[in-house]
Number of protein chains: 2
Amino acid sequence: MARTETSARPCADQAQPYDVFAKACPSRSTLEHITGRWGSLTLGALSENTLRFNELRRRVDGVSEKMLSQTLHALERDGLVHREAAATNPPRVDYRLTPLGHAVAERLLALIDLVEERMPEVLAAREAYDARGGR
Amino acid sequence: MARTETSARPCADQAQPYDVFAKACPSRSTLEHITGRWGSLTLGALSENTLRFNELRRRVDGVSEKMLSQTLHALERDGLVHREAAATNPPRVDYRLTPLGHAVAERLLALIDLVEERMPEVLAAREAYDARGGR
DNA sequence: CAGCATCCCACAGGATACTG
DNA sequence: CAGTATCCTGTGGGATGCTG
């Protein structure tokens, strides 16, 4: 509707300033941080609680130290996650969502919940697809 | 909330049969097809219109022939996209969302719209982050 | 505990060419 | 037009080791 089929590619016009469909638009990289393999799960985990680094690692099953660290940096840079370090010994660092992060996570969780709910349909579709030999 | 902190990892219990946070759960691969780099944009494009292969290529700026083909196969297998081929010459193939695909795309677009709307905040956060030297 | 630095490899994904 | 097949590269991401 709003998004016109003939919109200019370079991502900037007055009606729709940021268009994720345009290759060069910064909104695309942001969306990728959010929906990426680890980004989505990290945001989902933090939507429930403030968590520490290793708590997150356990919650997001299968994430490596390196990827979690990298993911958190990207989300922090985009203003979705806030990092709070206490200079104690042993060190304690808490990660929590910013207001913007919460808004994003809310929509993301709506999607995740839907996917989880509808998995039986997805699995049935996969079986049917495979049964007829991938066509 | 409902999601308990101590949920069993193997993805199956009666209250929450499919848990995307569990490494081995099939819902995770489905979520990745949906939120993946090309999956999200493909679903977004198809939520507006039925599109043909090359129309999709133009709409999803930057996608290669190979990746679009691969993405469409995955989405079709998961029961999100329906492929309709007319045996004419030249051939004509239309891709459209299934009802499940529409439900998914609706939530996905809600997320995409939010991201596009809030990009000014994101960009401001990035500048601030970079200005203080990445901390 | 919270993490950066390094090494290394598998695979995502682009470019090109070919087919029905 | 609507793809598949092949080749090749960049990088996502795991394993390991070290620091404050």
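With rounding to the nearest 0.5 angstrom, the CG atom of A:D94 is 7.0 Å from the CD atom of A:E84. The line from CG of B:N54 to CG of B:L68 is 8.5 Å long, rounded to the nearest 0.5 Å. Distance check, rounded to the nearest 0.5 Å: CG of B:L72 to CG of B:L46 gives 7.0 Å. Here the CD-CZ distance, from A:E65 to A:R57, works out to 5.0 Å after rounding to the nearest 0.5 Å. A distance of 15.5 Å separates OG1 in A:T98 from CZ in A:R83, rounded to the nearest 0.5 Å.
When all heavy atoms of A:T50 and A:E55 are compared, the pair lying nearest together is O-OE1, 4.4 Å. A:V20 approaches B:E116 most closely through the heavy-atom pair N-OE2, 2.9 Å. Annotation for A:L109 and A:S47: closest pair CD1-OG, 3.0 Å, computed over non-hydrogen atoms. Closest non-hydrogen pair, A:E48 versus A:R59, comes out as OE1-NH1, 2.9 Å.
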For a quick test of your reading: what N or O donor-acceptor pairs under 3.5 Å do the side chains of residues 34-43 of chain A make, sequence neighbours left out?
{"unit_1": "A:T35", "atom_1": "OG1", "unit_2": "A:L31", "atom_2": "O", "d": "2.9"}
{"unit_1": "A:T35", "atom_1": "OG1", "unit_2": "B:T35", "atom_2": "O", "d": "3.0"}
{"unit_1": "A:S40", "atom_1": "OG", "unit_2": "A:G36", "atom_2": "O", "d": "3.1"}
{"unit_1": "A:T42", "atom_1": "OG1", "unit_2": "A:W38", "atom_2": "O", "d": "2.7"}

Using atom types as modelled, flag every donor-acceptor pair under 3.5 Å from a side chain in residues 120-135 of chain B to any protein atom, sequence neighbours excluded.
{"unit_1": "B:E121", "atom_1": "OE1", "unit_2": "B:R118", "atom_2": "NH1", "d": "2.9"}
{"unit_1": "B:E121", "atom_1": "OE2", "unit_2": "B:R118", "atom_2": "NH1", "d": "2.5"}
{"unit_1": "B:R126", "atom_1": "NE", "unit_2": "A:D78", "atom_2": "OD1", "d": "2.6"}
{"unit_1": "B:R126", "atom_1": "NH2", "unit_2": "A:S29", "atom_2": "OG", "d": "3.1"}
{"unit_1": "B:R126", "atom_1": "NH2", "unit_2": "A:T30", "atom_2": "OG1", "d": "2.9"}
{"unit_1": "B:R126", "atom_1": "NH2", "unit_2": "A:D78", "atom_2": "OD1", "d": "3.2"}
{"unit_1": "B:Y129", "atom_1": "OH", "unit_2": "A:H73", "atom_2": "ND1", "d": "3.4"}
{"unit_1": "B:D130", "atom_1": "OD1", "unit_2": "A:R77", "atom_2": "NH1", "d": "2.9"}
{"unit_1": "B:D130", "atom_1": "OD2", "unit_2": "A:R77", "atom_2": "NH1", "d": "2.5"}

Item checked: Per-nucleotide protein contact string for nucleotides 3-10 of chain D (B base, S sugar-phosphate only, - none; heavy atom under 4.0 Å) -> BB--B---
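Within residues 32-45 of chain A, the residues having any heavy atom closer than 4.0 Å to DNA chain D are, in order of number, A:R37, A:W38.
Regarding contacts with the backbone of D:dA2, a side-chain N or O of B:R52 is found under 4.0 angstrom from either OP1 or OP2.
At whole-Å resolution of the value, CZ in B:R92 and P in D:dC1 are 12 Å apart. Following rounding to the nearest Å, B:Q70 (CD) and D:dA2 (P) show an atom-to-atom distance of 19 Å.
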Notebook entry, point to check: Does the pair B:V81 and B:Y95 meet the rule for a side-chain contact (heavy atoms from CB on, under 4.5 Å), with working shown?
Noted result: CA-CA 7 Å; B:V81 163; B:Y95 290 94; 3.9 Å; yes
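Direction change of the helix axis from one end of the helix from C:dC1-D:dG20 to C:dG20-D:dC1 to the other is 50°, with five pairs defining each end axis (rounded to 10°).
Bracketed by its first and final contacts, the part of DNA chain C lying under 4.0 Å from non-hydrogen atoms of chain B reaches from C:dG13 to C:dG20 in 5' to 3' order.
Taking the nucleotide of DNA chain D with the nearest heavy atom to each of A:P91 and A:S64, the more 5' of the two is matched to A:S64.
A distance-only check finds a donor-acceptor pair linking the side chain of B:D61 to the backbone of A:K23 [under 3.5 Å].
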